Amino acid sequence: MSELVPIFQSSYLYEIEVAKTKLASRKIPSYIKNEYVNNIAVFPISQNYYLLVSERDFENAERVLQENDEISEDDFKIQ
């Protein structure tokens, strides 16, 4: 069984969730470390969130996260 390794870090949970969704769309499981820290703390704290993936999925996940999300005009042309 492979270990979980961090692939992305942010102080904004929404950025981690977007990256997690990108990976999920490619069937790459991922997990958020520190996701619920501010739900427990009395005062919100500045916390880094980490997106973790399996060691065996790391290279594929890295490629997916580096892909450009821009949509070109060609994507909307009717064939």
Side-chain angles (χ1 to χ4, degrees):
M1 189 164 142
S2 61
E3 291 189 34
L4 294 176
V5 293
I7 191 162
F8 184 66
Q9 170 190 343
S10 176
S11 57
Y12 300 105
L13 184 56
Y14 79 90
E15 290 180 341
I16 297 291
E17 290 172 339
V18 168
K20 182 175 176 50
T21 300
K22 279 180 83 170
L23 295 179
S25 72
R26 301 289 181 85
K27 308 279 191 266
I28 300 174
S30 60
Y31 309 90
I32 301 173
K33 180 179 177 184
N34 298 335
E35 182 175 11
Y36 301 109
V37 168
N38 280 328
N39 291 349
I40 298 170
V42 176
F43 298 102
I45 58 175
S46 179
Q47 177 66 44
N48 281 327
Y49 301 99
Y50 298 89
L51 187 62
L52 307 172
V53 296
S54 166
E55 282 180 329
R56 69 173 186 266
D57 292 329
F58 184 83
E59 288 181 23
N60 288 336
E62 193 172 46
R63 250 183 271 124
V64 169
L65 294 179
Q66 290 176 354
E67 287 178 355
N68 193 345
D69 285 335
E70 290 182 22
I71 299 173
S72 69
E73 290 180 26
D74 293 337
D75 294 331
F76 294 103
K77 288 185 179 175
I78 299 174
Q79 303 290 326

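Just the heavy atoms: all of them, side chains too, but no hydrogens, waters or symmetry mates, feed the values below. If you're wondering where the values come from, they're calculated on a predicted model, not measured in any experiment.
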Completion exercise
Closest heavy-atom pair, Lys22 versus Leu65, reported as atoms and distance to 0.1 Å, is NZ-O, 3.7 Å
When the side chains of residues 14-21 are checked against the rest of the protein, which donor-acceptor pairs come out under 3.5 Å, sequence neighbours left out?
unit_1: Glu15; atom_1: OE1; unit_2: Ser10; atom_2: OG; d: 2.4
unit_1: Lys20; atom_1: NZ; unit_2: Ser30; atom_2: O; d: 2.5
unit_1: Thr21; atom_1: OG1; unit_2: Glu17; atom_2: O; d: 2.9

Fill in the blank from the handout: side chain to side chain contact (heavy atoms under 4.5 Å, CB included) filter on Leu4, not counting sequence neighbours, yields Tyr31, Leu52
Practice task
Nearest 0.5 Å please: distance from the CD atom of Glu55 over to the CD1 atom of Ile7.
Solution key: 12.0 Å
Practice task
Identify the heavy atoms of Tyr12 and Tyr49 that sit nearest to each other, and give their distance.
Solution key: C-CD1, 4.0 Å
Problem - Partners passing salt bridge (Lys or Arg N to Asp or Glu O under 4.0 Å) against Arg26 (at least two apart in sequence or in another chain) - result: Glu67
Practice task
Hey, could you give me the CD1/CD distance between Ile28 and Glu62, rounded to the nearest 0.5 Å?
Solution key: 11.0 Å
Handout entry: Co-membership, hydrophobic cluster, residues Tyr50 and Val64, 4.5 Å side-chain
Key = no
Handout entry: hydrophobic_cluster_shared for Leu23 and Leu13, side chain cutoff 4.5 Å
Key = yes
